[in-house]
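Read the structure below first, then the notes.
These numbers come from a predicted model, not from an experiment. Positions are given from 1 along the sequence. Only this structure's heavy atoms are used, side chains among them; waters, hydrogens and symmetry mates stay out.
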Amino acid sequence: MRAGRECMQAGDWAGAIRAYAQGLMEQPLLGMHYAANLERARTNYRKERQTINQQGPEHTTVVVAAAELSHNAAGRAYTLAQLYRHLGHPVTLLGSHFPQWGRELWEPIRGAVRQQRLPVHSFVVEHEPGFVNQAWELVLQQPADLVHLSKPRLPAVVFGLLYKLLWGVAVLVDIDDEE
């Protein structure tokens, strides 16, 4: 609670969000208090980001989130990230790896992602009941102004909900014709 309060006093809204979100996870019995402070920090963070975003697309950070980055669904997420990058936005690819599909970025896009220095943030889901905690930690470390979910599969939807809860961002969902 103290760390969040210190961040709020310093105008470090992202730091306050992280501190209060961490408090929610570590002390759920104090959830009401942490949630109220998280809401205040998120509101101030969004106001600050809206002012910055008005300066142009190069200031609006975009996260393209995918449920799984180890198979061909990653290709669609990569394409969306490229579109945002072409429009001038700083963009990050974010997702998870379920071991049955692999533990690394899908091979057909791996080289292009490295060559273009597209940031990728992910984790391997070793124990599925721990997915939400892992997603919570990842989303806390990667703030964004806009989140675009590539395919509405449950892990991607969880990423979107966490971004909405923690950072208060707009969330778009990409639904292909087969879904």
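Panel note: side chain Lys164, backbone Val169; a donor-acceptor pair is recorded below 3.5 Å.
Note that the NZ atom of Lys151 and the CD1 atom of Ile175 stand 11.0 Å from one another [nearest 0.5 Å]. If you take CG on Leu162 and CG on Leu140, they are separated by 8.5 Å, rounding to the nearest 0.5 Å. Between the OG1 atom of Thr60 and the CD1 atom of Ile52 there is a distance of 9.5 Å, given to the nearest 0.5 Å. With rounding to the nearest 0.5 angstrom, the CD atom of Gln116 is 4.0 Å from the CD atom of Gln82.
Here Thr43 pairs with Glu39 under the side chain to side chain donor-acceptor pair (under 3.5 Å) rule; sequence neighbours left out. With sequence neighbours excluded, the residues satisfying side chain to side chain donor-acceptor pair (under 3.5 Å) with Arg40 are Asn37. For Thr92, the side chain to side chain contact (heavy atoms under 4.5 Å, CB included) test picks out Val63, Pro119, His121, with sequence neighbours left out. Residues forming a side chain to side chain donor-acceptor pair (under 3.5 Å) with Arg85 (at least two apart in sequence, or on another chain): none. Partners of Trp101 under the ring-ring contact (aromatic ring centres under 6.0 Å, His included) rule, at least two apart in sequence or in another chain, are His71.
Nearest heavy-atom pair across Cys7 and Ala16 is CB-N, 3.4 Å. For Val147 against Ala65, the heavy-atom pair with the smallest separation is CG1-CB, 4.4 Å. When all heavy atoms are compared, the tightest approach of Ala73 to Ser150 is O-OG, 4.2 Å. Heavy atoms only, all atoms of each residue included: Ala67 and Ser96 are closest at O-OG, 2.5 Å. Nearest heavy atoms, Ser70 versus Gly102: OG-O, 3.2 Å. Scanning both residues, Ala21 and Leu166, for their nearest heavy atoms gives CB-CD2, 3.6 Å.
Residue Phe123 is tested with Phe131, Trp136, Phe98 for a ring-ring contact (aromatic ring centres under 6.0 Å, His included); the sole match is Phe131.
Glu68 is listed as a side-chain neighbour of His97, based on a closest heavy-atom distance under 4.5 Å. When side chains are defined from C-beta on, Pro57 does not count as touching Leu87, because their heavy atoms never get closer than 4.5 Å. Taking 4.5 Å as the limit, every side-chain heavy atom of Leu161 sits out of range of all side-chain heavy atoms of Val171. Two residues are said to be in side-chain contact when any heavy atoms from C-beta on lie closer than 4.5 Å; Ile17 and Leu38 meet this criterion.
Pairs passing the salt bridge (Lys or Arg N to Asp or Glu O under 4.0 Å) check and including a residue from residues 43-53, sequence neighbours excluded, read Arg46-Asp145, Arg49-Asp145. The list of salt bridge (Lys or Arg N to Asp or Glu O under 4.0 Å) pairs with a residue in residues 105-115, not counting sequence neighbours, reads Glu104-Arg110. Applying the salt bridge (Lys or Arg N to Asp or Glu O under 4.0 Å) definition to pairs two or more places apart or across chains, those involving residues 6-29 are Arg2-Glu6. Identified under the ring-ring contact (aromatic ring centres under 6.0 Å, His included) test for residues 7-62, with sequence neighbours left out: Tyr45-Trp167. Applying the side-chain hydrogen bond (donor to acceptor under 3.5 Å, both in side chains) test to residues at least two apart or on different chains, the pairs with a partner in residues 123-134 are Arg103-Glu126.
Its side chain outside the 4.5 Å cluster rule for every partner, Leu29 clusters with none of the Ile, Leu, Val, Met, Phe, Trp and Tyr residues. Tyr78 belongs to a hydrophobic cluster whose other members, connected by ILVMFWY side-chain contacts under 4.5 Å either directly or through intermediates, are Val62, Val64, Leu69, Leu80, Leu83, Tyr84, Val91, Leu93, Leu105, Trp106, Ile109, Val113, Leu118, Val120, Leu146, Leu172.
Neither Phe159 nor Val124 shares a network with the other; the hydrophobic side chains, linked directly or stepwise wherever heavy atoms of I, L, V, M, F, W or Y lie under 4.5 Å apart, form separate groups for each. Cluster membership for Met8 and Met32, using ILVMFWY side-chain heavy atoms within less than 4.5 angstrom, is not shared. Residues Met25 and Val132 share a single hydrophobic cluster, defined by chaining ILVMFWY side chains whose heavy atoms lie under 4.5 Å apart.
Summarising the local packing, CD of Gln100 is surrounded by more than 12 heavy atoms from other residues, nucleotides or ligands at distances under 6.0 Å.
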